[in-house]
Trainee: 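Before I ask anything, let me first share the structure, which is written out below as structure tokens.
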Amino acid sequence: MKDRLKSAVLDRISKGDEDLADQYEKVQSANFTTIDAFCASIIRKYFYVCDLTPDFMIADDVKKKEIQNECIEKVFRDLYEEENNEFLLLSNRFRKRRNDFSLKEWVVKIADKSGSIVDFEKLLNSYQKNYGEGSYERNLEGYSNSFKNELLVLKDRLEDVKYFIQEDDEWSNTSYKALLDVVDNLLEVGVYGVKNLDKISLLRKPSGKKISEERLAVIEEIVAVKEMLNSRLIAYSKHVTTPENDRLINEKLNEQTKAFVDVVLRFIKAYSDAKRQENLLDFSDLEQYCLKILQDDAVREEIRSKFKHVFVDEYQDVNEIQEEIIKLLSNNNLFAVGDAKQSIYGFRGSLSVFNDRLTSMKEKGEKTVSLNNNFRSADAVIDVVNKVFSYCMTKRSFGLDYGKDSALISGGLYKKGEGRFDFYFVEEKSKKKIQLNEGVYDIEKSVKKSMEEDASVTSLTVGKIIAEELGKKFYDLKINQERYVTYSDIAVLTRAKASAYVQKIVSGLTKLGIPVSSDVKQNICEFPEVLLLINLLRLVDCFSLDVPLVNVLKSPIGNFTEEELALIASYYGERVEYREGFYQAVECYLENANGELKDKLVAFIEYFDK
């Protein structure tokens, strides 16, 4: 980043902007860094504040996992030896097939979240207030609000589709009214209303070639709402019984919550002590210790004095503890840039931090600038982007009203109404079942054939789109006039460039006679046949790993369809209160189910073991 900025400034200076010469010197001495590198530099300089040594090392993922495994085993061993009654009750609740692996896994997962929370212990202890005397009413209110919000989202979808239903479309009108009546009734009676409802079914949907595309889209949307409503009814019905019984359950959970919090805190301390003994920190420690250092008044003022301005990019990805560090580091000299649409760390609370900061700044009258003007895209592109995001990003579902606060505005460089936007859908081919024979299975041949077929379909679709575009005109801003599209005007964007699948698409376009310039990189580990081998080896090492297990089951080795895997998962979900991974779903199906699918699972495991 520093080199890019220096180059840009030098370029401006060479063109006569001599006033930037002084700025060039300042760029040289400016501190450009990531949050982790900044925190590490602060800790190495002020290590004594946290009773650390400056020569600490950063633990890689392998070392971190190794230490965590040792610590969780020790913590559980000590608790069993103490014969702690609350812990034993907790352990029995999570125990599966005479092992406590599930509980250990949850403890480590929860502890891993501590790195991005300012006062994690306080947060954990606050969870105990969710249970116990007087807690039932509070929890019911929160649960009911969640239920209500989900129903309102479905009602919005029904209201949207209403405008597209034709008067003579009897099926759609009847189905729409039936679903709306169910939603309105549930909104009135509340979450316990799910106990009095069976699975919702509609009249058989119409079919035939005479149905228009518009009517077919309406039918599919109504069916989608029905299926979503049924899934929510099933989900909520599993977690409510009767008000009287739920009140008793809620109070009893207090002891188990207290025991769980105690186990997590014990593990966090054991893990922290183990890292100190080996003079190691992990990445979450960097932020935690940096925050502790900045909370020292004298040290904070010394660090602050070194920065005239604090600039933060990608602010939408800042989590809670990073936000606190930035607050302590800055002193009315913060300049932050962020875009909620680009948030990729919403799962760790980053998006709520961004939205809260933005709301707070506006309420306090602090200066905010919305960079909504788009100078790159024509009106047609901007319009469809605004429609999609206005539908998806609402205050209720996203914490931000995109249509009100973030909608893009045309920069006015293109003519009004210029541009075009089209959706193209590539349907997946139904996978043929492959009969496995005894002997050596040719992974490379089978998977390569499947991959080439998929890439071929995509290449043909992209090639067709390119051919259609070549016969059209567009407004070229560089010459301020319309001209025909050429190959060099077209870009094909993919998720990643280092992909064997993308290479096949490039090859397919070339075979169609389309000139392609690509910087696709070849990574042998990303070839499907190699990925399958890697997943096989991972499964041999640990059969309970969900991702490798699902990948191998879906491959020609397992020959399971997605529908069959979904049946296994739903069978498990209907029989347990707290879902775990897919491995546990397979175990549950093997222990309790009967039929051809179980026989197929048994045959797969026998084949795999052999």
Trainee: Would you confirm whether Ser360, through its side chain, and Asp356, through its main-chain N or O, come within 3.5 Å as a donor-acceptor pair?
Mentor: no
Trainee: Nearest 0.5 angstrom please: Asp169 CG to Arg215 CZ, how far?
Mentor: 4.0 Å
Trainee: Salt bridge or not for Arg420 and Glu469, using N-O below 4.0 Å?
Mentor: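 Answer for the salt bridge query: yes.
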Trainee: Once ring-ring contact (aromatic ring centres under 6.0 Å, His included) is applied, do any residues pair with Phe543, and if so which ones, sequence neighbours excluded?
Mentor: Phe608
Trainee: Going by heavy atoms in the side chains, are Asn386 and Tyr402 under 4.5 Å from each other?
Mentor: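 In short, these two side chains touch, coming nearer than 4.5 Å.
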Trainee: Treating Gln316 as the side-chain partner and Asp339 as the backbone partner, does any N or O pair qualify as donor plus acceptor under 3.5 Å?
Mentor: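 Side chain of Gln316 to backbone of Asp339: a pair is present.
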Trainee: Return the orientation label for the Phe354 and Tyr315 ring planes: parallel under 30°, perpendicular over 60°, tilted otherwise.
Mentor: tilted
Trainee: Are the side chains of Tyr136 and Pro243 in contact, using a 4.5 Å heavy-atom criterion?
Mentor: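 Of all side-chain heavy-atom pairs linking Tyr136 with Pro243, at least one is under 4.5 Å.
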Trainee: Kindly compute the distance separating CG (Leu124) from CD1 (Ile268), expressed to the nearest 0.5 Å.
Mentor: 6.0 Å
Trainee: Under the criterion salt bridge (charged side-chain N to carboxylate O under 4.0 Å, His left out), which of Glu323, Glu363, Glu366 is the partner of Arg357?
Mentor: Glu323
Trainee: Which heavy atom of Val194 sits nearest a heavy atom of Ser237, and at what distance?
Mentor: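 Heavy-atom minimum between the residues: CG2-CA, 3.8 Å.
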Trainee: Using modelled atom types only, decide if a donor and an acceptor are shared between the side chain of Thr174 and the backbone of Trp171 within a distance under 3.5 Å.
Mentor: no
Trainee: Side chains of Val381 and Asn374: does their closest heavy-atom pair fall under 4.5 Å?
Mentor: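 Counting from C-beta outward, Val381 and Asn374 never come under 4.5 Å.
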Trainee: Using every non-hydrogen atom in the two residues, find where Ser410 and Asn373 come nearest and quote the distance to one decimal.
Mentor: O-ND2, 4.2 Å
Trainee: From Ile321 CD1 over to Asp119 CG, what is the distance, rounded to the nearest 0.5 angstrom?
Mentor: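 The CG atom of Asp119 is 10.0 Å from CD1 of Ile321, to the nearest 0.5 Å.
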Trainee: Any side-chain heavy atom of Leu597 sitting closer than 4.5 Å to one from Tyr571?
Mentor: no
Trainee: Once you round to the nearest 0.5 Å, how far does CG of Asn185 lie from CG of Leu180?
Mentor: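 One finds 11.0 Å between CG of Asn185 and CG of Leu180.
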Trainee: Indicate whether the side chain of Ser135 and that of Asn250 have a donor and an acceptor atom separated by less than 3.5 Å.
Mentor: yes
Trainee: For residues 227-236, which side-chain N or O atoms pair as donor and acceptor with protein atoms under 3.5 Å away, sequence neighbours left out?
Mentor:
from   : atom 1 : to     : atom 2 : distance (Å)
Asn230 : OD1    : Ile200 : N      : 2.7
Asn230 : ND2    : Ile200 : O      : 2.9
Ser231 : OG     : Met228 : O      : 2.7
Arg232 : NE     : Glu150 : OE1    : 2.6
Tyr236 : OH     : Ser146 : OG     : 3.0
Tyr236 : OH     : Phe147 : N      : 3.4
Tyr236 : OH     : Glu150 : OE2    : 2.8

Trainee: Are side-chain heavy atoms of Thr394 and Asp156 found at a separation under 4.5 Å?
Mentor: no
Trainee: So, the side chain of Lys238 versus the backbone of Gly573: is there a donor-acceptor pair under 3.5 Å, distance only?
Mentor: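 The answer is yes, because a donor-acceptor pair under 3.5 Å joins these two groups.
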Trainee: Would the number of heavy atoms belonging to other residues, nucleotides or ligands and lying under 6.0 Å from NZ of Lys387 be above 12?
Mentor: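 Incorrect, the count does not exceed 12.
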Trainee: Give me the atom names and distance for the closest heavy-atom approach of Lys598 to Ala593.
Mentor: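 Heavy atoms only, the tightest pair is CD-O, 2.8 Å.
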Trainee: Please evaluate residues Phe87 and Phe76 with respect to the criterion ring pair (Phe, Tyr, Trp, His ring centres under 6.0 Å), reporting the C-alpha separation (whole Å), side-chain torsions for both, the decisive distance (0.1 Å), and the verdict.
Mentor: CA-CA 9 Å; Phe87 169 74; Phe76 271 60; 5.3 Å; yes
Trainee: Would Tyr391 and Asp160 count as having a side-chain donor-acceptor pair, cut-off 3.5 Å?
Mentor: no
Trainee: Spell out, as yes or no, whether a donor-acceptor pair under 3.5 Å connects the side chain of Asn372 to the backbone of Ile409.
Mentor: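 Such a contact is absent between Asn372 side chain and Ile409 backbone.
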Trainee: Identify the heavy atoms of Gln256 and Leu90 that sit nearest to each other, and give their distance.
Mentor: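 Of all heavy-atom pairs spanning Gln256 and Leu90, the closest is O-CD1, 3.8 Å.
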Trainee: Treating Ser555 as the side-chain partner and Val552 as the backbone partner, does any N or O pair qualify as donor plus acceptor under 3.5 Å?
Mentor: yes
Trainee: Any side-chain to backbone donor/acceptor pair from Asn149 onto Asn145? Under 3.5 Å, distance only.
Mentor: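 The answer is yes, because a donor-acceptor pair under 3.5 Å joins these two groups.
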Trainee: At their closest point, which heavy atom of Ile165 faces which heavy atom of Ser172, and how far apart are they?
Mentor: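 Distance-wise, the nearest heavy atoms are CG2-CB, 3.8 Å.
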Trainee: Looking at every non-hydrogen atom in both residues, tell me the closest pair between Ile557 and Tyr607 and how far apart they are.
Mentor: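 For Ile557 versus Tyr607, the nearest heavy atoms are CG2-CE2, 4.1 Å.
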Trainee: Is it true that a side-chain atom of Lys554 and a backbone atom of Leu565 form a donor plus acceptor pair closer than 3.5 Å?
Mentor: no
Trainee: Kindly indicate whether the side chain of Phe560, heavy atoms from C-beta on, has any atom under 4.5 Å from the side chain of Leu601.
Mentor: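 Yes. Closest side-chain heavy atoms under 4.5 Å.
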Trainee: Is there side-chain contact between Lys155 and Leu187, with at least one heavy-atom pair below 4.5 Å?
Mentor: yes
Trainee: Judged by modelled atom types alone, do Glu324 and Gln322 share a side-chain donor-acceptor pair under 3.5 Å?
Mentor: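 Side chains of Glu324 and Gln322: no pair found under 3.5 Å.
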Trainee: Is Lys177 salt-bridged to Asp181, going by a charged N under 4.0 Å from an acidic O?
Mentor: yes
Trainee: Just verifying a value: how many Å separate Asp422 CG and Ile465 CD1, rounded to the nearest 0.5 Å?
Mentor: 8.5 Å
Trainee: Please check: side-chain N/O of Glu320 versus main-chain N/O of Val118, any donor-acceptor pairing under 3.5 Å?
Mentor: yes
Trainee: So, are Glu137 and Arg247 salt-bridged, with charged N and O less than 4.0 Å apart?
Mentor: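 Yes, this pair counts.
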Trainee: Side chains of Tyr572 and Gln584: does their closest heavy-atom pair fall under 4.5 Å?
Mentor: yes
Trainee: Under 3.5 Å, is there a donor-acceptor pair between the side chain of Lys226 and the main chain of Leu179?
Mentor: no
Trainee: Assess whether atom OH of Tyr424 is packed by more than 12 heavy atoms of other residues, nucleotides or ligands within 6.0 Å.
Mentor: yes
